[in-house]
Amino acid sequence: MARPVDGPYIDSAGRGDWPKPLKAETCELSFYYGTRLVLKRVSVPIAECNITALIGPSGCGKSTFLRCFNRMHDLYPGTRYEGAIVLYPDSRNILDREVDPIEVRMRLAMVFQKPNPFPKSVYENVAYGLRVRGVKDRRAIDEKVEQALRSAALWEEVKDRLSALGTSLSGGQQQRLCIARALATDPELLLLDEPTSALDPIATASIEELLQDLKRRVTILIVTHNMQQAARISDWTAFMYLGELVEFGPTKRLFTTPAKKQTEDYITGRFG
Amino acid sequence: MIKRRKFSEALFKALGLSALVLAVGTLVLLFGALLIDGVGRLDWQFLTSFPSRHASQAGILPAVVGSTLVMLVTAFVGIPIGVAAAIYLEEYARRTWLTELIEVTVTNLAGVPSIIFGLLALGLFVYMLGLGSSILTAGLTLALLILPVVIVTTREAIRAIPVQIREAAFALGATRWQTVADHVLPYSASGILTGIILALSRAIGETAPIVTVGALTFIAFLPPSPITDQPPYLSFEWLMSPFTVMPIQMFGWVSRPGEDFAANAAAAGLLLVGMTLAMNGLAIYVRYRMRKRVSW
């Protein structure tokens, strides 16, 4: 898949901020709900072991964009992708017809907007991804569960009540449980869809801190409607508007000297 | 002005209350009459005896056994088919005009008079398949009868599970079947179970379709035992045995002259009402117990 030379991610000044190495990239990704075009030829690079943030006003297609990565749209009739999402290092186009969506979902993991733990025990919540993959060895599962809960900074709080229902935890804990559940299967790419929008500021801060920790080991793509959050935690930012990518660049640069007027208007709060 | 509005409010209150009293009062009266007539006959002898020409020696044993065995067949056939059909419609089937048609048909079937099912069963099971007037025929007939109810309640229970839970499972790489078996079914079990119990409690009181397929009203023996003393220790002969069920036994007694048989009928009625209430109670208990565990 050829990289479009004059894509919007090379800014007008020709600074050509291009992340390296890449974990994934979308090439002219379009998406249709029925006949309605909601993503218009979006090309974004996802840098390995970095946090890439997607910002934009609600309805701009950023969640739709995120859900293309694990082929979530395949679950619903009348949806169609065009273009490519390439996963590295094997350069596999995961939108290819021959690629089974389940294969894609085994490589990536997703955390949703509203915490959605299963009404099962904390342990079973984290272990579920492994069980789906047919892991039977109890010791291996025990180990993975603990490791994932530690990575999600939840171990100390729940180690004495692993058999309690996941749904009985507080909102912030539930979301960290969902992160642990996503991490247990060692995903190559972690997708987060506004993971803190249902949480209070303290829980939000702890999740943001957690993401900073996690990015050493896993590539993160996060959708947020909170610009301050994007500015605080991400290395790269993509600004989307009405299904199109307006600007992509290093977070610091994008927030201080945006190349596009629309970006500037949005980050200074003039619209959106 | 306010006075007039208050008056219409009081009027409606009075109307509503009298409607309630009328409805509940009639029920209480009916049940009370049944209780007075029947409670004296409801003893161990009554439960363990066969029907007899002498009202005081007659009992309901074959009918209780018959009802139990018929319910067993009904549950064994109706529940798996109904639940599987509901899962297919809700989780697998794509929305097309065909599935829409099936949906409407299933919902309408739930309202079809039960005797129609009896006629259908008479033609299909008794004559075409040659199963005779047996426990198997009756069980299959009632299974057909409860099928739409099981399908509708199961679909409702499944639909109550938030889409976020399903998406969480899919996002972890689960297949559709893994999502159904590990999440959808366990979380909707209380709703499904409630629907099943209510459907069975309706089936146990059904008379018309059972009469149509040819149940007996007077029967002085029990079906062959399902457990035998010779290998393989299990026998399915009882499936083909003639039988009676409680509502039919009750009807048989009601239609006989004389006060003493009326008491038998009332006692049988009490037993039937008691069993139905017990099943409904169980449904409520199950729902209450499992709802407490599953929440989101």
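What you see below is based on every heavy atom in this structure, not just the backbone, and it leaves out hydrogens, waters and symmetry mates. First the proteins, then the strands, lettered A, B, ... as listed; each starts at 1.
Within a 6.0 Å sphere centred on CG of Leu98(B), other residues, nucleotides and ligands contribute more than 12 heavy atoms. For CZ of Arg138(A), the number of neighbouring non-hydrogen atoms (other residues, nucleotides, ligands) closer than 6.0 Å is 12 at most. For Glu9(B), the CD atom is loosely surrounded, since the number of other residues' heavy atoms within 6.0 Å does not exceed 12. For OH of Tyr285(B), the number of neighbouring non-hydrogen atoms (other residues, nucleotides, ligands) closer than 6.0 Å is 12 at most. With a 6.0 Å radius and a threshold of 12 heavy atoms from other residues, nucleotides or ligands, Tyr76(A) has its OH atom above the threshold. For CD of Glu82(A), the number of neighbouring non-hydrogen atoms (other residues, nucleotides, ligands) closer than 6.0 Å is greater than 12. Within 6.0 Å of OH on Tyr33(A) lie more than 12 heavy atoms contributed by other residues, nucleotides or ligands.
Heavy-atom distances place the side chain of Arg176(B), and not its backbone, under 4.5 Å from chain A. Neither the backbone nor the side chain of Arg107(A) comes within contact range of chain B; no heavy atoms are under 4.5 Å apart. Only the backbone of Leu108(A) comes within less than 4.5 Å of a heavy atom of chain B; no side-chain atom from C-beta onward does. With a 4.5 angstrom heavy-atom cutoff, Arg181(A) touches chain B via backbone and side-chain atoms both.
Remark: Leu172(B) CG to Ile102(A) CD1 distance equals 12.0 Å, nearest 0.5 Å. In this structure, CE on Met110(A) lies 14.0 Å from CZ on Phe170(B), to the nearest 0.5 angstrom.
Of all heavy-atom pairs spanning Ala168(B) and Phe118(A), the tightest one is CB-CE2, 3.8 Å. The heavy-atom pair separating Arg94(B) from Pro77(A) by the smallest distance is NH1-CB, 3.5 Å.
In this structure, the side chain of Gln178(B) engages the main chain of Val132(A) through a donor-acceptor pair within 3.5 Å. In this structure, Asn116(A) contributes its side chain and Ile165(B) its backbone to no donor-acceptor pair below 3.5 Å. When atom types are taken as modelled, the side chain of Lys120(A) and the backbone of Asp182(B) share a donor-acceptor pair closer than 3.5 angstrom.
A 4.5 Å side-chain heavy-atom check between Phe112(A) and Gln164(B) finds every atom pair outside the cut-off.
The residue among Gln113(A), Arg71(A), Met72(A), Gln174(A) with the most heavy atom pairs within less than 4.5 Å of chain B is Met72(A).
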